[in-house]
Amino acid sequence: MKTKNSALLLIALVAGALFGLGIAVSGMISPAKVQGFLDITGNWDPSLAFVMGGALCVFATGYWWWTRTGHVQCALGSDLPKVPAPVIDKRLILGAAIFGIGWGLVGICPGPAIGLLGSLQWQVGLFVLAMLAGFWLVGKFKI
């Protein structure tokens with residue numbers, strides 16, 4: 001069991017490093033780049049859509065191949081998660097609105113925020129603290 005957990009941690013580390021490298025190389029770690037994507041009435045920058053689309057194509061192709069070849073488990077043996085039926089409720093709408101407002105105001109979302117901590121900018125640290133406080137509040141109040 002310990003070997004499986006170690007393998008899972010190693011895969012998570014490699015996947016996280018690959019994600020971080022991808023968003024850093026593509027420039028998506030830059031809040032200005034994200035705000036340029038969100039500014040559809042001004043000087044719109046569609047590059048974020050290409051990065052997201054490219055990632056989706058790679059994932060969809062891999063997932064399609066993996067399931068078409070008869071796999072019902074992940075590489076380490078756990079069952080592939082079932083996709084739940086979509087539920088549009090107050091919690092989803094509120095969470096999406098809060099996320100969208102925060103993303104639009106500062107141009108940072110949780111993944112790039114962790115990468116930006118390396119820049120040692122106090123604003124990023126403040127954002128991450130606020131993000132962690134939000135995670136805590138949601139858990140505490142079951143929002």
Side-chain angles (χ1 to χ4, degrees), residues 1-68 71 73-143:
M1 186 60 131
K2 187 165 175 93
T3 304
K4 187 174 182 179
N5 288 339
S6 297
L8 183 59
L9 287 174
L10 180 62
I11 288 172
L13 177 66
V14 170
L18 186 60
F19 172 76
L21 180 64
I23 63 172
V25 168
S26 66
M28 296 305 126
I29 202 167
S30 166
K33 191 82 156 161
V34 173
Q35 287 172 331
F37 171 72
L38 296 173
D39 184 11
I40 57 173
T41 60
N43 190 17
W44 185 57
D45 179 2
S47 58
L48 180 59
F50 290 113
V51 171
M52 289 190 293
L56 184 60
C57 288
V58 169
F59 167 76
T61 303
Y63 186 81
W64 175 83
W65 174 81
W66 189 257
T67 56
R68 282 281 188 212
H71 292 91
Q73 295 182 323
C74 299
L76 292 176
S78 60
D79 289 340
L80 287 172
K82 303 293 183 227
V83 178
V87 176
I88 299 176
D89 58 3
K90 182 176 74 171
R91 186 172 188 235
L92 174 68
I93 293 170
L94 180 63
I98 292 170
F99 180 89
I101 290 167
W103 195 34
L105 287 173
V106 296
I108 305 173
C109 63
I114 301 303
L116 279 171
L117 281 173
S119 71
L120 301 178
Q121 297 175 39
W122 69 268
Q123 297 93 334
V124 175
L126 183 62
F127 177 86
V128 171
L129 286 175
M131 179 179 74
L132 293 173
F135 292 163
W136 179 80
L137 285 170
V138 166
K140 176 113 175 116
F141 296 108
K142 307 281 190 242
I143 298 172

> What heavy-atom pair brings Val51 and Met28 nearest, and what distance separates the two atoms?
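Scanning both residues completely, I find the closest heavy atoms to be CG2-CE, 3.9 Å.
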> Can you tell me which residue pairs pass the salt bridge (charged side-chain N to carboxylate O under 4.0 Å, His left out) test with a partner in residues 108-128, sequence neighbours excluded?
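Those involving residues 108-128 do not exist here.
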> Would you say that Leu116 contacts Ile108 through its side chain, given a criterion of any heavy-atom pair below 4.5 Å between the two side chains?
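When only atoms from C-beta onward are counted, Ile108 and Leu116 do touch, with a gap below 4.5 Å.
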> When you measure from the side chain of Thr67 to the backbone N and O of Trp64, does any donor-acceptor pair fall under 3.5 Å?
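Yes: the side chain of Thr67 pairs with the backbone of Trp64.
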> Using a cut-off of 6.0 Å, state whether more than 12 heavy atoms not belonging to Leu10 lie near its atom CG.
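Atom CG in Leu10 is crowded, with more than 12 foreign heavy atoms closer than 6.0 Å.
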> Looking at Ile88, I want to see if its CD1 is surrounded by more than 12 non-hydrogen atoms of other residues, nucleotides or ligands under 6.0 Å.
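Not buried by this count: 12 neighbours or fewer within 6.0 Å.
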> Any side-chain heavy atom of Val34 sitting closer than 4.5 Å to one from Phe37?
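The answer is no; the side chains never approach within 4.5 Å.
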> Please give me the minimum heavy-atom distance between Gln35 and Leu105, naming the atom from each residue.
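Smallest interatomic distance, heavy atoms only, reads NE2-O, 3.1 Å.
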> Who pairs with Phe59 by ring pair (Phe, Tyr, Trp, His ring centres under 6.0 Å), at least two apart in sequence or on another chain?
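Only Tyr63 meet the ring pair (Phe, Tyr, Trp, His ring centres under 6.0 Å) criterion with Phe59.
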> Within the structure provided, determine whether Leu92 and Val87 are in side-chain contact (heavy-atom separation under 4.5 Å).
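Of all side-chain heavy-atom pairs linking Val87 with Leu92, none is under 4.5 Å.
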> By the side-chain hydrogen bond (donor to acceptor under 3.5 Å, both in side chains) test, which pairs, at least two apart or in different chains, include something from residues 41-54?
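Sorted result for residues 41-54: Lys33-Asp45, Lys33-Ser47, Asp45-Ser47.
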> Can you label the angle between the Trp66 ring and the His71 ring as parallel, tilted or perpendicular, going by 30° and 60°?
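Parallel: the ring planes of Trp66 and His71 meet at under 30°.
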> Any chance you could measure Ile11, atom CD1, to Cys74, atom SG, to the nearest 0.5 Å?
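The CD1 atom of Ile11 sits 9.5 Å away from the SG atom of Cys74.
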> Between Ser26 and Leu48, is any pair of side-chain heavy atoms under 4.5 Å apart?
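Result no, sub-4.5 Å side-chain heavy-atom pair not found.
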> Which salt bridge (charged side-chain N to carboxylate O under 4.0 Å, His left out) pairs, counting each pair once, include a residue from residues 114-127, with sequence neighbours left out?
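Those involving residues 114-127 do not exist here.
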> If you define the side chain from C-beta out and look only at heavy atoms, does anything of Met131 sit under 4.5 Å from Phe127?
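Side chain of Met131 against side chain of Phe127, heavy atoms only: contact under 4.5 Å found.
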> Which atom pair, heavy atoms only, marks the closest approach of Gly111 to Phe19?
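Nearest heavy atoms, Gly111 then Phe19: CA-CE2, 4.1 Å.
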> Considering residues at least two apart in sequence or located in another chain, which fulfil the side-chain hydrogen bond (donor to acceptor under 3.5 Å, both in side chains) criterion with Ser119?
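Counting only residues at least two positions away or on another chain, Ser119 forms a side-chain hydrogen bond (donor to acceptor under 3.5 Å, both in side chains) with Gln121.
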> Measure the CG-CG distance between Leu18 and Leu13 for me, rounded to the nearest 0.5 Å.
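Between Leu18 CG and Leu13 CG, I get 11.0 Å after rounding to 0.5 Å.
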> Test Leu38 against Trp103 for side chain to side chain contact (heavy atoms under 4.5 Å, CB included), laying out the working first.
CA-CA 9 Å; Leu38 296 173; Trp103 195 34; 3.8 Å; yes
> Using the salt bridge (charged side-chain N to carboxylate O under 4.0 Å, His left out) rule, collect all pairs that involve residues 34-43, keeping only residues at least two apart or in two chains.
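Those involving residues 34-43 do not exist here.
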> Which heavy atom in Ala113 sits nearest to a heavy atom in Val124, and how many Å separate them?
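Shortest heavy-atom contact: O-CG1, 3.7 Å.
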> In Å and rounded to the nearest 0.5 Å, what is the CD1 to CG distance from Ile29 to Leu21?
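Ile29 atom CD1 to Leu21 atom CG measures 10.5 Å (nearest 0.5 Å).
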